[in-house]
Amino acid sequence: RCGMICDLHIHSQYSFDGVASLEEICDSARERGVDIIALTDHCDMLDGPEGISAYLACEQELKKNYAKLDKTGLQVLYGVEIGNPHEFPRETEIFLSQRKFDFIIGSVHFLPDGSDIYKLPYSTPEEIDDMFRQHFRSMRKLVEYGGFDTLAHMDYPIRKLQGKLSSVSIRDYRDLIEPILQILVEKGIALEINT
């Protein structure tokens, strides 16, 4: 086999959308022949049940269990998915300066007004268009802010829109996406590909 198999975006039981323990994740990766994983539980910089307070509430347990992991035959990076850090630059600077992560994912889950992209009702095509425009403008601010290794799920809102429209695409937002890609190149930030 040539090359390496990596999965650098994994949420465990310490994220609202994860269920597996760190040990179960490592065992599963080994069974599938994965060489490198990054454990990147959510830390959205907004407050609330899925925000930074939730991350801080379980951080010590997460670190303790990470330290006990059997990493035989597997490179396990200690990471985080940091959401909307550009909107809370001071808090983000403090948070990151007090921790050492091997791998940081930057993401946008919330619009600038605090609306959760995944929970909006999207009643009309105009609302959907406005959401996408806000999403990509916020993403541009995120990549301009920087401080992370890879940009997560550029097409994140599409997950929520499945079934709401006959076809869902981000093609119409090329004018907003291309500057984001250019900044990623200039800053040496990777673009994550979700499969």
Side-chain angles (χ1 to χ4, degrees), residues 6-12 14-18 38-56 59 77-120 122 127-161 168-195:
C6 306
D7 188 342
L8 303 179
H9 190 152
I10 300 175
H11 301 315
S12 75
Y14 299 108
S15 289
F16 70 93
D17 56 354
L39 300 169
T40 53
D41 282 295
H42 283 285
C43 182
D44 287 310
M45 293 309 292
L46 292 84
D47 208 359
E50 297 162 6
I52 187 167
S53 57
Y55 182 87
L56 295 175
E59 182 180 30
L77 304 177
Y78 183 69
V80 68
E81 180 180 358
I82 194 160
N84 293 70
H86 58 291
E87 294 182 27
F88 302 89
R90 181 74 184 125
E91 293 87 344
T92 299
E93 182 184 331
I94 292 168
F95 175 81
L96 291 176
S97 70
Q98 294 175 348
R99 290 157 180 82
K100 181 171 181 350
F101 293 109
D102 301 314
F103 192 75
I104 301 172
I105 299 172
S107 62
V108 173
H109 296 128
F110 296 86
L111 298 180
D113 68 358
S115 299
D116 186 332
I117 290 171
Y118 211 72
K119 294 178 181 171
L120 290 171
Y122 304 115
E127 286 178 351
I128 292 169
D129 179 64
D130 181 60
M131 176 277 301
F132 269 117
R133 293 189 180 284
Q134 288 188 61
H135 169 70
F136 289 121
R137 286 186 192 114
S138 189
M139 187 163 279
R140 180 171 179 164
K141 289 178 181 173
L142 168 67
V143 297
E144 287 171 343
Y145 177 78
F148 55 92
D149 300 297
T150 188
L151 175 65
H153 43 59
M154 182 176 274
D155 60 354
Y156 177 72
I158 288 179
R159 299 176 191 183
K160 175 64 175 177
L161 295 172
V168 183
S169 172
I170 59 174
R171 266 188 216 113
D172 294 339
Y173 305 97
R174 188 173 183 156
D175 62 316
L176 297 172
I177 293 170
E178 285 190 355
I180 294 169
L181 298 175
Q182 183 63 42
I183 296 166
L184 290 176
V185 171
E186 290 167 3
K187 291 193 170 216
I189 298 171
L191 176 63
E192 174 183 275
I193 304 298
N194 284 138
T195 59

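Numbers here are sequence positions counted from 1.
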- [ ] Could you give me the CA-CA distance, side-chain angles and deciding distance for Tyr14 and His42, then say whether side-chain contact (heavy atoms from CB on, under 4.5 Å) is met?
- [x] CA-CA 8 Å; Tyr14 299 108; His42 283 285; over 6 Å; no
Task: Point-to-point distance, once rounded to the nearest 0.5 Å, from CG of Asp175 to CZ of Phe136 - done: 10.0 Å
Task: Closest non-hydrogen atom pair, Val108 against Asn84 - done: CA-OD1, 3.6 Å
Open item on the list: With a 4.5 Å cut-off on side-chain heavy atoms, are Phe132 and Leu161 touching?
Closed with: yes
TODO: Rounded to the nearest 0.5 Å, what's the gap from CG on Leu39 to CG on Asp7? Could you check?
DONE: 9.5 Å
- [ ] Could you tell me whether the side chain of Met139 reaches within less than 4.5 Å of the side chain of Leu176, counting heavy atoms only?
- [x] no
TODO: Find the distance between CD1 (Ile10) and CG (Asp41) and round it off to the nearest 0.5 Å.
DONE: 10.0 Å
Open item on the list: Quick one, Ser138 and Glu87 - any side-chain contact, counting heavy atoms below 4.5 Å?
Closed with: yes
Open item on the list: When you compare the side chains of Gln182 and Glu186, does any donor N or O come within less than 3.5 Å of an acceptor on the partner?
Closed with: yes
TODO: Give every residue pair that meets the side chain to side chain donor-acceptor pair (under 3.5 Å) criterion with at least one member in residues 96-105, sequence neighbours excluded.
DONE: Glu59-Arg99
Task: Interatomic spacing from CD in Glu144 to CG in Leu184 - rounded to 0.5 Å - done: 11.0 Å
Open item on the list: A side-chain contact here means heavy atoms from C-beta on lying under 4.5 Å apart; do Lys187 and Val143 qualify?
Closed with: no
- [ ] Could you check if a side-chain atom of Glu81 sits within less than 4.5 angstrom of a side-chain atom of His11, using non-hydrogen atoms only?
- [x] yes
- [ ] Heavy atoms only: give me the nearest Phe103-Ile105 pair and the separation to one decimal.
- [x] CE2-CG1, 3.8 Å
- [ ] Please examine the side chains of Leu8 and Asp149, heavy atoms only from C-beta on, and report whether any two atoms are closer than 4.5 Å.
- [x] no
Task: Under the ring pair (Phe, Tyr, Trp, His ring centres under 6.0 Å) test, residues paired with Tyr55 that sit two or more places apart - done: Phe95
- [ ] Report yes if the side chains of Ile52 and Phe88 come closer than 4.5 Å at any heavy-atom pair, otherwise no.
- [x] no
- [ ] Please name the pair of heavy atoms, one in Met45 and one in Pro85, separated by the smallest distance, quoted to 0.1 Å.
- [x] CG-CA, 3.9 Å
Task: Sole residue of Gln134, Arg159, His135 in side chain to side chain contact (heavy atoms under 4.5 Å, CB included) with Ile117 - done: His135
Task: Separation of Glu91 CD from Asp47 CG (nearest 0.5 Å) - done: 10.0 Å
TODO: Could you tell me which non-hydrogen atom of Ile170 sits nearest to which non-hydrogen atom of Ile158, and how far apart they are?
DONE: CG2-CD1, 3.7 Å
- [ ] Work out which heavy atom in Arg140 is nearest to a heavy atom in Pro179; give both atom names and the distance.
- [x] NH1-CB, 3.4 Å
Open item on the list: With a 4.5 Å cut-off on side-chain heavy atoms, are Phe101 and Ile82 touching?
Closed with: no
Open item on the list: How close do Leu142 and Phe148 get, counting heavy atoms only, and between which atoms?
Closed with: O-CE2, 3.5 Å
- [ ] Give, for atom CE of Met154 and atom CD1 of Ile180, the distance between the pair rounded to the nearest 0.5 Å.
- [x] 4.5 Å
- [ ] Return yes if some donor-acceptor pair links the side-chain N/O of Asp44 with the main-chain N/O of Leu46 below 3.5 Å, else return no.
- [x] no
Task: Qualifying residues under ring pair (Phe, Tyr, Trp, His ring centres under 6.0 Å), relative to His153, sequence neighbours excluded - done: His9, His109, Tyr156
Open item on the list: Please determine whether a side-chain nitrogen of the Lys or Arg among Arg90 and Glu93 lies less than 4.0 Å from a carboxylate oxygen of the Asp or Glu.
Closed with: yes
